[in-house]
Amino acid sequence: MNAKRTDKPTTIYEWLCCPDCDSREIVRGPRFEDGSVELRCKDCGTTSCVGL
């Protein structure tokens, strides 16, 4: 599958499972200056910036 990235911040609650494939294999990435965190699905590669 091709990884899909969205730079639009979402909430952590939308990422209890992957919004694209419903996988629960979520990897937390780096924290950014604005306090948001990058989350990535291990299965399909979907990545998003999430506000905590």
Side-chain angles (χ1 to χ4, degrees):
M1 284 191 165
N2 292 332
K4 183 172 95 177
R5 180 180 176 89
T6 176
D7 291 323
K8 181 183 146 219
T10 58
T11 68
I12 190 74
Y13 301 108
E14 294 177 65
W15 270 85
L16 295 177
C17 62
C18 176
D20 286 344
C21 73
D22 292 328
S23 170
R24 292 187 180 264
E25 297 297 318
I26 306 300
V27 177
R28 180 176 177 245
R31 181 177 293 264
F32 300 104
E33 289 179 12
D34 66 358
S36 63
V37 171
E38 181 181 281
L39 296 179
R40 179 179 51 85
C41 176
K42 260 180 143 175
D43 291 336
C44 74
T46 295
T47 305
S48 184
C49 178
V50 180
L52 297 178

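Throughout, numbering of the chain's residues begins at 1 and tracks the sequence.
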Original post:
Would you call R40 and T46 a side-chain contact if the rule is heavy atoms closer than 4.5 Å?
Top reply: no

Original post:
Of all heavy-atom pairs between C18 and C21, which one has the smallest distance, and what is that distance?
Top reply: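 Here C18 and C21 meet closest at SG-N, 3.5 Å.
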
Original post:
If you look at every heavy atom in I26 and C17, which pair is closest and at what distance?
Top reply: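 The pair with the smallest heavy-atom distance is CD1-C, 4.3 Å.
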
**OP:** Please round to the nearest 0.5 Å and tell me the distance separating atom CZ of R31 and atom SG of C49.
**Re:** 10.5 Å

**OP:** Could you tell me the separation between the CG atom of L16 and the CG atom of D22, rounded to the nearest 0.5 Å?
**Re:**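 With rounding to 0.5 Å, CG (L16) is 11.5 Å from CG (D22).
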
**OP:** Using atom types as modelled and distance alone, determine if a side-chain donor or acceptor of S23 lies under 3.5 Å from a backbone N or O of E25.
**Re:**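 Between the backbone of E25 and the side chain of S23 there is a qualifying donor-acceptor contact (under 3.5 Å).
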
